[in-house]
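Comments concern the structure below.
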Amino acid sequence: MTTTDADYGSRYAASVMNTFGPPKLVLVRGEGAHVWDVDGREYVDLLGGIAVNALGHGHPALVEAVTTQLGTLGHISNFFTSRPQVELAERLLELLGGQPGDGKVFFTNSGTEANEAAFKLTRRTGRTEIVVAEGSFHGRTMGSLALTSKEAYRTPFEPLPGDVTFVPYGDADALAAAVTDRTAAVLLEPIQGEAGVVVPPEGYLAAARAVADEHGALLWLDEVQSGMGRTGRWFAHDPAVRPDIVTVAKGLGGGFPIGACIGLGDAGTLLEPGNHGTTFGGNPVACAAALAVIRTIEEEGLLEHATVLGQKLRDGLAADPRVAEVRGEGLFVGLDLVADVSAEVAAAALRAGFIVNNATPRRIRLAPPLVLSQDDASAFLAAWPGILDEAMPDASGEQA
Ligand SMILES: *Cc1c(COP(=O)(O)O)cnc(C)c1O
């Protein structure tokens, strides 16, 4: 660290709560899939603010939408509505294959808030039990935390809201055994993000839909990380599987904070006047940002681009024998290393000028901007063996 960098590092330590550990960099500027630190060093951002910066950094369409909206009408209370709010609700329902009237949206400012809204919505069924998956991540507020499996996150904050049953992810039989006539909802990520991009077996979500139907329970899919084009499709779940609730956030605003709890069919009317609220949720600027993200993904053909480039990344990463497995869809990429060295790999990547995430001790996650270029992807693949050499000097494929 240079003087300037260290200076902000120590000022951060002195003034910002230590919930995230020390920041790895002090960043000052971004453009496309590139960011620059306070010392002028350039990085290729292969994490995209954790699946948030769908259009990369500083995309003109997003900047234009946000600044124009802020200069026109920035905030109103939820006693009123605005054009961007109504238009975004309609667009989200359309992307989910629904029609206005066949579903309704509640807007929030984050993923955990989208899940809190959904959690409250499920209580309106008159049932309280939620069945969720091991390895799940649904957020850090008390309700979402109750639905999140990681013990280290949960234990310091118990007691959490109860009546939550955890089942192994991807095991349709375990799910069928856990769901009963007391179950309000089955909650699943179509692809688990924080767990390191874990893809369930084919047919798992369809089986979840069937078991939920059998018991009159809601099927709630958390697409906060996997949704909004990340997988090369608007949503990670198969459109043939129709959920009752879909929660989105991260990529939705392309970096502007916004989330949404989408209730399809009858689930859209379970929350009634007085049941829930928010001051900022659904504000015109955030909704204008999300509309710009959706429009730009369409205009620039970014779903197709994510599909093609994601496959190139997966193929290239898998070619190294120190990679045990590569998973994911589109630009949602997870890999298992042959040893627990993901922190060393992420650190070596950063030194080489690439931002990646060590999701678990053995797993690396990539969720780059959907605008990532072929050249950036090629540069990372070219650097990859050297990054692994540096991170695991004595490892080779044979030792796996
Ligand atoms: C990140 C995430 C959340 C929480 O979103 P925040 O905006 O951080 O509150 C919830 N669910 C999933 C699947 C996520 O990846």
Side-chain angles (χ1 to χ4, degrees), residues 69 72-130 138-147 160-164 182-187 212 216-224 227-228 242-249 252-253 256-291 294:
Q69 187 58 50
T72 308
L73 183 70
H75 176 81
I76 52 175
S77 74
N78 278 308
F79 294 126
F80 308 102
T81 190
S82 64
R83 286 177 182 151
Q85 186 183 69
V86 175
E87 285 169 17
L88 180 60
E90 290 173 352
R91 282 303 274 130
L92 288 171
L93 292 169
E94 218 172 272
L95 295 179
L96 278 163
Q99 298 297 322
D102 184 32
K104 292 186 200 296
V105 180
F106 181 88
F107 288 111
T108 69
N109 312 290
S110 66
T112 201
E113 284 171 88
N115 285 333
E116 290 291 334
F119 195 4
K120 284 180 72 176
L121 186 157
T122 67
R123 290 284 170 107
R124 302 292 298 153
T125 61
R127 303 180 184 184
T128 56
E129 191 199 43
I130 311 280
H138 299 296
R140 301 292 207 128
T141 53
M142 293 301 256
S144 299
L145 187 57
L147 307 168
L160 294 165
D163 222 358
V164 181
R182 290 185 50 255
T183 306
V186 174
L187 165 58
L218 300 172
L219 178 63
W220 164 11
L221 300 182
D222 180 344
E223 294 245 21
V224 166
M228 302 317 299
R242 197 158 167 74
D244 299 292
I245 307 169
V246 178
T247 43
V248 289
L252 177 59
F256 206 91
I258 180 170
C261 166
I262 306 162
L264 296 170
D266 293 342
T269 55
L270 283 172
L271 285 175
E272 294 175 347
N275 281 165
H276 200 43
T278 164
T279 296
F280 296 118
N283 75 79
V285 182
C287 293
L291 284 167
I294 294 169

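Nothing fancy with the numbering, it's 1 onward along the sequence. Side chains are part of it too, since the values below use all heavy atoms of this structure and drop only hydrogens, waters and symmetry mates.
Of all non-hydrogen atoms in Ala185 and Thr122, the two that sit nearest each other are CB-CG2, 3.7 Å. Nearest heavy atoms, Asn283 versus Gly74: OD1-O, 3.9 Å. The minimum heavy-atom distance between Arg127 and Ala217, with the atom names listed, is NH1-N, 4.0 Å. The two residues Ala184 and Thr125 come nearest to each other via the heavy atoms CB-OG1, 3.6 Å. Listed here is the closest heavy atom pair of Leu121 and Cys261: CD1-SG, 4.3 Å. Residue Leu93 comes nearest to Lys104 through the heavy atom pair CD2-N, 3.9 Å, listed as atom of the first residue, atom of the second, then distance.
Formation of a donor-acceptor pair under 3.5 Å by the Thr112 side chain with backbone atoms of Ser144 is not found in this model. A donor-acceptor pair is defined here as one N or O able to donate and one able to accept, closer than 3.5 Å; such a pair exists between the side chain of Glu116 and the backbone of Gly143.
If you take CG on Asn275 and CG on Leu270, they are separated by 9.0 Å, rounding to the nearest 0.5 Å. Residue Arg124 holds its CZ atom at 10.5 Å from OG1 of Thr269, rounded to the nearest 0.5 Å. One distance of note links CG of Asn78 with OG1 of Thr279; it measures 8.0 Å at 0.5 Å rounding. For the atom pair CG of Leu73 and OG of Ser82, the computed distance is 6.5 Å after rounding to the nearest 0.5 Å. Rounded to the nearest 0.5 angstrom, Leu187 CG and Leu147 CG are separated by 6.0 Å. One distance of note links NE2 of His138 with CH2 of Trp220; it measures 7.0 Å at 0.5 Å rounding.
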query: Can you check side chain to side chain contact (heavy atoms under 4.5 Å, CB included) on Met228 and Leu95, steps first, answer last?
result: CA-CA 9 Å; Met228 302 317 299; Leu95 295 179; 4.2 Å; yes
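With sequence neighbours left out, Asn115 forms a side-chain hydrogen bond (donor to acceptor under 3.5 Å, both in side chains) with Asp222, Thr247.
Within the structure, the side chain to side chain donor-acceptor pair (under 3.5 Å) test picks out the following pairs touching residues 83-97 (sequence neighbours left out): Thr81-Gln85, Arg91-Glu94, Arg91-Glu298. Under the ring-ring contact (aromatic ring centres under 6.0 Å, His included) criterion, the residue pairs touching residues 72-116 are His75-Phe280, Phe106-His276, with sequence neighbours excluded.
Sparse packing is recorded around CG of Asp266, with 12 or fewer heavy atoms of other residues, nucleotides or ligands lying under 6.0 Å away.
One finds a salt bridge joining Asp163 and Arg182 here, because a Lys/Arg side-chain nitrogen approaches an Asp/Glu carboxylate oxygen to under 4.0 Å.
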